[in-house]
Protein chains: 2
Amino acid sequence: MSPRSAVRPGGRSARVQQSVHAAVLELQAEQGRASLTVPQIAARAGVTPSTIYRRWGDVQELLSDVAVERLRPEAPPADFGNLREDLENWAVDFIEEMSSPPGRSYIRDALAGDPDGSNAGQCSAYAIEQVEAILARAARRGEHVPDTDTVMDHVVAPMMYRVLFRPGLLDPQYARDLVTAVFYRLMPLP
Amino acid sequence: MSPRSAVRPGGRSARVQQSVHAAVLELQAEQGRASLTVPQIAARAGVTPSTIYRRWGDVQELLSDVAVERLRPEAPPADFGNLREDLENWAVDFIEEMSSPPGRSYIRDALAGDPDGSNAGQCSAYAIEQVEAILARAARRGEHVPDTDTVMDHVVAPMMYRVLFRPGLLDPQYARDLVTAVFYRLMPLP
DNA sequence: AGATTAACGCAAGGATTTTGCGTTAAGATT
DNA sequence: AATCTTAACGCAAAATCCTTGCGTTAATCT
């Protein structure tokens, strides 16, 4: 749920949403998100504060809304011709994006202003979508592929756990090692 | 960091912290955490709002402080005599606590009002402490044990990911399956 | 016991949030 | 295309919350 409830999709409402989002991004870049206030965002966006309060409720829900939009993947995962490289490169890109200061900030904002968990669900839906694209492509090639949930549990989840709870233990090699472990697990036992 | 900076540990400061924490828990139980305000908490605790503002900054940091305290394990993991059962039972307890409505609420609060990530770090430190206790006990018995990080990455992280991002996919059997997978991985390959 | 100073209470001033009401314009109907 | 309905907006007043200066209390140190 971007805005508080179903919003008229076009015209003035769309313009307001766009200018408010743009104002948030501008002000975040200028002064960080700690000191953002609704009246300030409203002034920059050219709307009245009450418009923001009625539509988003408070600053956090607005920031959560903006964060989810910025976390949406912009392109399908790159195709390297085989599952292993596809997964490894996607995981490395993912960890680099999510562990960067803005990435971590967006994740925390997305979770913080999300009373019903729908924004968090959208974040995982983005990751699932990307993983499934990689797995489906590999399956079409005839490769043996793990379940989506296996990749989510053992590649995505460990990375996100460290982003949220253990920053400082994150580097591209960690992402590669997690992918390697999934392939190791994929091999048949004696 | 519970309070904003080093706080005098005893006497009046300790009483204020205790009564404020108690007030938060009471009001949370009575009316949920969405409508909590600092003046309301202050009134219930018998202190002035400025005391709370100066010590915790805002409602979120206070809630984060309270949440971390409630997430602290109360006892060391139960001893069933072998690693497998110790881990399985601990993981089941963990998932039940973390996926319950209050558990999820505390985790989200702990993350939300935590500008520098220290409260989040404390949460993972609690889990690490419990896991290490289980592993050390098994090692003393002479059992073959996985690394702490392996358990954190492939048991704790997937559970926490689902708690935060995919509620509805959580049950005790999932916790057991994650532990099973770690043991499967522990077996030597041909 | 006395000195030092962190933490608290009070109260004023400033900023933010809420709310009622009139107006605008998006989407539906004919 | 003109009209109707009502969601969304702007404005402004009122309520609430947050900040801050200053005097007081009491925890800690010597």
Side-chain angles (χ1 to χ4, degrees), chain A residues 1-24 26-28 30-66 69 109 112-115, chain B residues 1-24 26-28 30-66 69 109 112-115:
Chain A
M1 72 140 218
S2 274
R4 187 168 273 296
S5 62
V7 175
R8 290 184 172 180
R12 181 172 61 173
S13 291
R15 282 193 301 275
V16 167
Q17 161 147 358
Q18 184 177 9
S19 66
V20 169
H21 278 217
V24 168
E26 287 175 24
L27 291 169
Q28 267 183 336
E30 291 173 16
Q31 63 182 41
R33 81 182 184 297
S35 60
L36 290 184
T37 67
V38 169
Q40 188 184 25
I41 295 165
R44 177 69 64 105
V47 302
T48 61
S50 64
T51 293
I52 293 180
Y53 287 119
R54 278 198 241 259
R55 198 152 152 184
W56 283 279
D58 59 22
V59 172
Q60 297 205 351
E61 289 188 45
L62 171 57
L63 291 184
S64 181
D65 186 25
V66 170
E69 196 153 315
D109 286 346
D114 187 25
Chain B
M1 72 135 216
S2 273
R4 187 167 274 296
S5 62
V7 175
R8 291 185 172 180
R12 182 172 62 173
S13 291
R15 283 194 300 277
V16 166
Q17 162 148 357
Q18 184 177 10
S19 66
V20 169
H21 277 217
V24 168
E26 287 174 25
L27 291 169
Q28 267 183 334
E30 291 172 16
Q31 63 181 41
R33 80 181 184 297
S35 60
L36 290 185
T37 69
V38 170
Q40 188 184 25
I41 295 166
R44 177 68 65 103
V47 302
T48 61
S50 65
T51 293
I52 293 181
Y53 288 120
R54 277 198 242 259
R55 199 152 152 185
W56 283 279
D58 59 22
V59 179
Q60 298 204 354
E61 290 188 45
L62 171 56
L63 292 184
S64 182
D65 186 26
V66 170
E69 197 153 313
D109 286 345
D114 187 25

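Note on naming: letters A, B, ... go to the chains in the order of the sequence lines (proteins, then strands), and numbering restarts at 1 for each one.
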For atom CD1 of A:I52 and atom C1' of C:dT16, their distance in whole Å: 13 Å

Side-chain-base donor-acceptor pair under 3.5 Å for B:S50 and C:dC8: no

Atom pair CG (B:L63) and CG (B:D114), whose distance is rounded to the nearest 0.5 Å: 12.5 Å

CG-CD1 distance between B:L36 and B:I41, expressed to the nearest 0.5 angstrom: 5.0 Å

Atom-pair distance (CD1 on A:I41; P on C:dA15), nearest Å: 17 Å

Separation of D:dT20 P from B:D58 CG (nearest whole Å): 14 Å

Side-chain donor/acceptor of A:R12 to base of D:dA8, under 3.5 Å: yes

Minimum-distance nucleotide (side-chain atoms of B:R15 versus D:dC17, D:dA27, C:dG9): D:dA27

Between P of D:dA27 and CD of B:Q17, the distance in whole Å: 15 Å

Between P of D:dA12 and CZ of A:R54, the distance in whole Å: 14 Å

Proximal nucleotide (of D:dC9, D:dC17, D:dG21) relative to the A:T51 side chain: D:dC9

Base D:dG10 paired with A:R55 side chain (donor-acceptor, <3.5 Å): no

CD-OG1 distance between A:Q17 and A:T51, expressed to the nearest 0.5 angstrom: 13.0 Å

Beyond-backbone contact of B:R33 with B:V59, side-chain heavy atoms, under 4.5 angstrom: no

Upstream residue (5' side of DNA chain C) when B:V47 and A:Q40 are each assigned their closest nucleotide: B:V47

Any A:T37 side-chain N or O less than 4.0 Å from OP1/OP2 of C:dT16: yes

